[in-house]
Peer 1: 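Please see the structure below; I have some questions.
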Amino acid sequence: MAANQTLYVNNLNDKINVETMKKSLKEVFAAFGGIIDIVAMKSLKRRGQAWIIFKETSAATNSLKSLQGFPFYNKPMRIGYSRSKSDVVAKADGTYVERPKKIVKREDLRKAKAASAAAPAAPAPSFAAPPAAGPAAAPSIVQKNIQDRIGWNPNQTAAPVAAAAPKTMGNVNAEPNKTLFVENLPVESTETMMSMLFRQYPGFQEVRTIPGRNVAFVDYQNEYQAGMAMQGLQGFAMTPEVKLLLTYAKK
DNA sequence: AGCACA
């Protein structure tokens, strides 16, 4: 695949509103260089994909390498170079030619209808019973899980994705906030471990654990970055039984 | 799975 200043990203979570998705993508990819635009659409043929248009091909290459397989809204991103030059880029270098409007064929309409009818309804929020209580987790499990997570090899194709987020929010406060409220911390987790885990996400400031309580607060520079960390680590399995529960802190 | 440009 030839290098291109535009990246093609797929396997994106299409349950996420496209505008939110574009903002979140910008948060992560902008760390690698200037972004001209992000194109993402929600139609049947185009959902779950996005084009990240960088100012520089080098930035595209760096982000491709380091974000390949990055767990994003619970799905590992698959990233490649775009097959063609983006219109904005072609317009800038004077090579843009008007593309003929495509005709939507009757057959395509039929297919689209069939596909949406076959699409399963969104799963109900899971209140699944916790896994059978096995032997008490050794203290090292939490550490190991975190190390596995932060030592995540960017070149692997199948990234270890956090367990599906339990949508059983104890805290109904959905108001975005640059501070995250973390629940379900196993007793053996330490502030150092927590910061290792949360530091992977851009904008990380600090973790504040609350003595005697299995909760913590994690600060980011802004609420988008906090949102990124929340999506990335939601349901993270600290032990096979204990999964992190993340919400925005109350303002 | 699907490479667009509203």
Side-chain angles (χ1 to χ4, degrees), chain A residues 1-123 154-165 224 228 231-232 234:
Chain A
M1 184 78 57
N4 188 314
Q5 76 195 79
T6 300
L7 295 179
Y8 171 70
V9 182
N10 71 3
N11 198 41
L12 293 172
N13 188 334
D14 60 21
K15 303 291 183 291
I16 309 299
N17 165 284
V18 280
E19 287 312 310
T20 307
M21 178 57 80
K22 282 162 74 170
K23 259 185 208 162
S24 300
L25 285 168
K26 193 161 186 180
E27 287 293 333
V28 238
F29 282 90
F32 296 84
I35 289 175
I36 297 173
D37 195 17
I38 295 184
V39 173
M41 278 151 293
K42 61 171 193 239
S43 71
L44 183 74
K45 294 292 292 292
R46 299 186 266 226
R47 63 182 62 165
Q49 303 155 81
W51 286 261
I52 320 286
I53 308 161
F54 281 98
K55 293 187 184 140
E56 308 285 345
T57 304
S58 58
T61 299
N62 289 337
S63 64
L64 182 150
K65 286 182 183 157
S66 39
L67 292 174
Q68 189 64 270
F70 185 83
F72 196 62
Y73 290 101
N74 288 312
K75 296 184 70 169
M77 287 198 265
R78 270 200 297 271
I79 311 173
Y81 291 110
S82 172
R83 285 184 191 141
S84 56
K85 189 187 282 188
S86 295
D87 285 359
V88 263
V89 177
K91 280 171 185 161
D93 67 19
T95 59
Y96 179 73
V97 283
E98 191 78 37
R99 171 189 19 267
K101 290 264 176 250
K102 53 192 58 154
I103 294 105
V104 182
K105 289 180 301 212
R106 189 204 298 270
E107 174 66 3
D108 291 344
L109 286 170
R110 207 211 87 244
K111 274 193 214 150
K113 209 171 156 195
S116 64
N155 294 318
Q156 65 198 20
T157 39
V161 179
Y224 294 125
M228 285 306 312
Q231 294 303 334
Q234 186 65 271

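Residue numbering restarts at 1 for every chain, and letters A, B, ... go by the order of the sequence lines. As the structure is a computational prediction, the values presented were derived from the model and not from experiment.
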Peer 1: So, is A:Arg46 near the phosphate of B:dC5, with a side-chain N or O under 4.0 Å from OP1 or OP2?
Peer 2: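 Yes, A:Arg46 has a side-chain N/O under 4.0 Å of OP1/OP2 on B:dC5.
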Peer 1: If only atom types and distance count, is the side chain of A:Gln49 paired as donor or acceptor with the main-chain N or O of A:Tyr8 below 3.5 Å?
Peer 2: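 Here the side-chain-to-backbone pair does not exist.
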Peer 1: Given A:Thr61 and A:Phe32, is the side-chain contact (heavy atoms from CB on, under 4.5 Å) satisfied, shown in steps?
Peer 2: CA-CA 9 Å; A:Thr61 299; A:Phe32 296 84; over 6 Å; no
Peer 1: Check the distance between B:dC3's P and A:Leu64's CG and give it to me in whole angstrom.
Peer 2: 17 Å
Peer 1: Output the rounded distance in Å from CD (A:Glu98) to P (B:dA6).
Peer 2: 9 Å
Peer 1: Figure out the OH/P separation between A:Tyr8 and B:dG2, and round it to whole Å.
Peer 2: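 It works out to 7 Å between those atoms.
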Peer 1: What contact category does A:Tyr81 fall into here, base, sugar-phosphate, or nothing, at under 4.0 angstrom with non-hydrogen atoms?
Peer 2: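 Base: the residue A:Tyr81, judged by heavy atoms under 4.0 Å, touches a nucleobase.
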Peer 1: Between the base of B:dA4 and the side chain of A:Thr6, is there a donor and acceptor pair under 3.5 angstrom?
Peer 2: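 Not at all, since no donor on one side and acceptor on the other fall under 3.5 Å apart.
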Peer 1: Could you state the CZ-P distance from A:Phe54 to B:dC5, rounded to the nearest angstrom?
Peer 2: 21 Å
Peer 1: Base, sugar-phosphate, or nothing: which does A:Asn11 touch, judged by heavy atoms less than 4.0 Å apart?
Peer 2: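 Answer is base: heavy atoms of A:Asn11 come under 4.0 Å of a base.
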Peer 1: CD1 of A:Ile36 versus C1' of B:dA4: gap in Å, rounded?
Peer 2: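 After rounding, the gap between these two atoms is 15 Å.
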Peer 1: What is the distance, to the nearest angstrom, from the CG atom on A:Leu7 to the P atom on B:dG2?
Peer 2: 18 Å
Peer 1: To the side chain of A:Met41, which of B:dC3, B:dA1, B:dA4 is closest?
Peer 2: B:dA4
Peer 1: Between the base of B:dC3 and the side chain of A:Ser82, is there any donor-acceptor pair under 3.5 Å?
Peer 2: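 When only heavy-atom distances are counted, A:Ser82 does reach the base of B:dC3 through a donor-acceptor pair under 3.5 Å.
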Peer 1: For A:Lys91, report the nucleic acid contact type (base, sugar-phosphate, nothing); a contact means any heavy atom under 4.0 Å.
Peer 2: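 Counting heavy atoms under 4.0 Å across all strands, no contact is made by A:Lys91.
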Peer 1: Can you measure A:Met21 atom CE to B:dA4 atom P for me and round it to whole angstrom units?
Peer 2: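 That distance rounds to 19 Å.
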Peer 1: How many whole angstroms separate atom CG of A:Leu44 from atom C1' of B:dC3?
Peer 2: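 Rounding to the nearest Å, CG of A:Leu44 and C1' of B:dC3 are 15 Å apart.
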Peer 1: Does some side-chain heavy atom of A:Asn13 sit less than 4.5 Å from a side-chain heavy atom of A:Phe72?
Peer 2: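 Not in contact.
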Peer 1: Under the side chain to side chain donor-acceptor pair (under 3.5 Å) test against A:Thr6, which residue among A:Ser84, A:Ser82, A:Ser86 passes?
Peer 2: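 Passing option: A:Ser86.
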Peer 1: Just compare B:dA4, B:dA1, B:dC3 and give me whichever is closest to any side-chain atom of A:Asp14.
Peer 2: B:dA1
Peer 1: Under a 4.5 Å cut-off applied to non-hydrogen side-chain atoms, are A:Tyr73 and A:Lys15 in contact?
Peer 2: no
